[in-house]
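Ligands are counted one by one from 1 in listed order, and the atoms in each one are counted from 1 as well. Positions are given from 1, in the same order as the sequence printed here.
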Amino acid sequence: MFWQKELETLNRSRLEALQLKRLRETAARVYGKVPYYRKLFKNNGVTPAHLKALQDISKLPFTTRDDLQKNYPDKLLTIKHHDTMRLHTSSGTTGKPKAVFFTRQDIDVAANNIARCLTMTGVTKKDVLQNMMSYGLFTGGLMMHYGAEKVGALVIPSAIGNTERQLMLMEDFGTTSIHLTPSYALYLSDVLEKKGREFRKKLKLKRAYMGAEPYTEETKNKIEKLLQVKVYNSYGLTEMNGPGVAFECEFQAGMHLWEDSYIMEIVDPKTGKQLPDGESGELILTTLTREGMPIIRYRTRDLTAILPGKCKCGRTHRRITRIKGRADDMFILRGVNIYPQQIERVLMSVAHVEKNYQIYLDANDKMTVKVEITKKLFDGDLDKLKKLQLDLTERLRAEILIRPNIELVEPGTLPVSEGKAKRVFDNRKIY
Ligand code: AMP
Ligand code: ZN
């Protein structure tokens, strides 16, 4: 089923012509209205007039996470504050967040893209969608909500957590589709399993939309079996409107990325050079329809590849593979984006902590930080050790919003690597 058949199946030459037109408009808009972009373009010796063909996008500079943070809170806006309607920020907590503003039209376009996603997997106004993503600054809640409302489905804004209540709502209101993170899906499956088969039979559940975090094909299969649903992969990021950037269709052979809203490129993460379809690299996205805060060549740091060839569904928007990893060392734990440097900063600001530390993530989404402390403290009073442990736990919780286990170890116990230190040991096998 299609939400906007004509646009979703537009032939490639017309789609690319539309992209070029929108790219030129977007470039002219930021060049004219955002001093930061104008300077950046000038420093790179380009102006919007250089955009004669779609390939000319490679002449434009990249925008990075740092650029967004440097321009916090609103220096990338092309319009006045009072013309914006909504603010979202990334779930990460490194320094200032990445703030993204939306106008009425921006919200409408984002919701429309989500409506396409839901429709292509069979959702209609007869469906009941329970949105188990957190509502708030995170886009997973509100943006999906607006998209599902556009389709006309009944939306239950249950948000994440309170699993017994989730199951009650699912039973009482005939939920057919759920939107959730893979880690919450695993938890939900556990609770559902304990309720027994008879309970599952009462539910009308057919589909689960899973995203916001990386997960493997194996996890997907496991959840499909446990929840007895079809799991559809959903990719998005706050900087690009949140969910609905790329989504699996009914054939589930990669995720269609809506190319009338974004130009996608795959580049070598080291050199920044474009790679051909089929090769893995970093996904770069340029917004084509954003009014309030357009972003040029955003380095998502997500690793994927463009799937060559046509999809059986007839949509002409190209597909990307499951996200294969990150080009930086960010990891996502229980929906929160975390950088090892955040943890390092906290550890290093506390007395008696030595230089070496390691972060372990286990299959149950628990984080353990092993940290070397001074010999004197390690051999000393147990009460003092406990106090330090508690202090570090609290400080880290304040910084990364997750309470880690802290293991204090003797200096010299953790291996010292010769090259780049390996800090994070991810045993969740998510990629
Ligand atoms: P946020 O802006 O906080 O929503 O986080 C966006 C990031 O979540 C992306 O850049 C990806 O690293 C990750 N992400 C979102 N959806 C998926 C998905 N379906 N598979 C893998 N990673 C995802
Ligand atoms: Zn398709």
Side-chain angles (χ1 to χ4, degrees), residues 1-3 5 8-9 64-65 68 88-94 97-100 110 114 116-117 119-122 133-134 136-144 160 179-183 185 208-217 219-220 223 231-259 262 264 269 282-285 295 298-304 307 309-339 400-401 428 430-431:
M1 278 193 311
F2 292 90
W3 179 249
K5 186 158 189 192
E8 291 173 47
T9 59
T64 62
R65 174 171 74 99
L68 294 197
H88 280 289
T89 67
S90 64
S91 56
T93 52
T94 14
K98 290 161 274 179
V100 183
I114 293 173
R116 286 183 188 175
C117 298
T119 308
M120 72 183 172
T121 58
M133 292 275 194
S134 62
L137 287 167
F138 176 51
T139 49
L142 281 170
M143 281 302 188
M144 175 55 79
I160 195 167
H179 177 223
L180 74 184
T181 62
S183 43
Y209 300 112
M210 274 186 4
E213 281 169 5
Y215 60 105
T216 54
E217 199 69 29
T219 304
K220 172 206 151 145
I223 290 170
V231 167
Y232 295 93
N233 199 359
S234 150
Y235 170 78
L237 59 162
T238 314
E239 299 88 310
M240 296 286 136
N241 306 337
V245 174
F247 217 82
E248 278 179 339
C249 69
E250 69 267 39
F251 292 100
Q252 299 199 285
M255 296 181 276
H256 288 282
L257 191 140
W258 299 120
E259 293 186 85
Y262 308 96
M264 64 167 153
E282 181 181 343
L283 177 66
I284 308 295
L285 292 172
I295 301 180
Y298 187 63
R299 300 203 64 150
T300 66
R301 311 309 271 158
D302 290 319
L303 302 175
T304 180
L307 285 165
K310 290 188 184 138
C311 184
K312 281 193 236 155
C313 70
R315 287 177 183 82
T316 47
H317 301 243
R318 284 173 302 168
R319 295 159 296 160
I320 54 169
T321 66
R322 182 177 292 283
I323 303 300
K324 299 172 177 179
R326 295 271 311 169
D328 61 11
D329 50 8
M330 183 190 93
F331 58 90
I332 306 180
L333 186 68
R334 287 187 252 148
V336 183
N337 302 352
I338 301 170
Y339 291 87
I400 58 173
L401 312 177
R428 299 172 297 169
I430 43 180
Y431 290 122

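Near F138, meaning under 4.0 Å from any of its heavy atoms, are these atoms of ligand 1: 4 (O). Taking a cut-off of under 4.0 Å to the non-hydrogen atoms of P214, the atoms of ligand 1 that pass are 20 (N), 21 (C), 22 (N). Applying the 4.0 Å criterion to heavy atoms of G211 picks out, from ligand 1, the atoms 19 (N). With ligand atoms numbered from 1 in the order given, ligand 1 contributes 6 (C), 9 (C), 15 (C), 16 (N) to contacts under 4.0 Å with heavy atoms of G236.
Contact check for L303 versus R326: no side-chain heavy atoms found under the 4.5 Å cut-off. Side-chain atoms of V245 and L257, non-hydrogen and from C-beta on, do get closer than 4.5 Å to each other.
With hydrogens and angles disregarded, a donor-acceptor distance shorter than 3.5 Å links the side chain of E213 to the backbone of G335. Although no hydrogens or angles enter the test, the distance criterion places a donor-acceptor pair under 3.5 Å between the side chain of R319 and the main chain of G309.
A cation-pi geometry, defined here as NZ or CZ lying under 6.0 Å from the six-membered ring centre and within 45° of its normal, holds between R315 and F2. Because its NZ or CZ atom is both nearer than 6.0 Å to the ring centre of Y215 and within 45° of the ring axis, R322 counts as a cation-pi partner of that residue.
With a 4.0 Å heavy-atom cut-off, ligand 1 is reached by the backbone of L237 and by its side chain too. Only the side chain of E239 comes within 4.0 Å of ligand 1, judged by heavy-atom distances. In R326, the part holding a heavy atom less than 4.0 Å from any atom of ligand 1 is the side chain.
Between C313 atom SG and C249 atom SG, the angle centred on the Zn ion (ligand 2) amounts to 120° (nearest 10°). Rounding to the nearest 10°, we obtain 110° for the angle at the Zn ion (ligand 2) between H256 NE2 and C311 SG.
Residue N337 places at least one N or O, backbone or side chain, under 3.5 Å from an N or O of ligand 1. For a threshold of 3.5 Å applied to N or O pairs, the pair formed by S234 and ligand 1 contains at least one separation below that value. Between I323 and ligand 1, no N or O atom pair is found at a separation short of 3.5 Å.
Remark: the E248 side chain and the Y232 side chain contain no N/O donor-acceptor pair separated by less than 3.5 Å. A donor atom on one side chain and an acceptor atom on the other are not found under 3.5 Å apart for T9 and T316.
Ring geometry, Y209 versus F247: the interplanar angle falls from 30° to 60°, so the pair is classed tilted.
Selection from T238, T139, L137 by nearest heavy atom to atom 2 (O) of ligand 1 gives T238.
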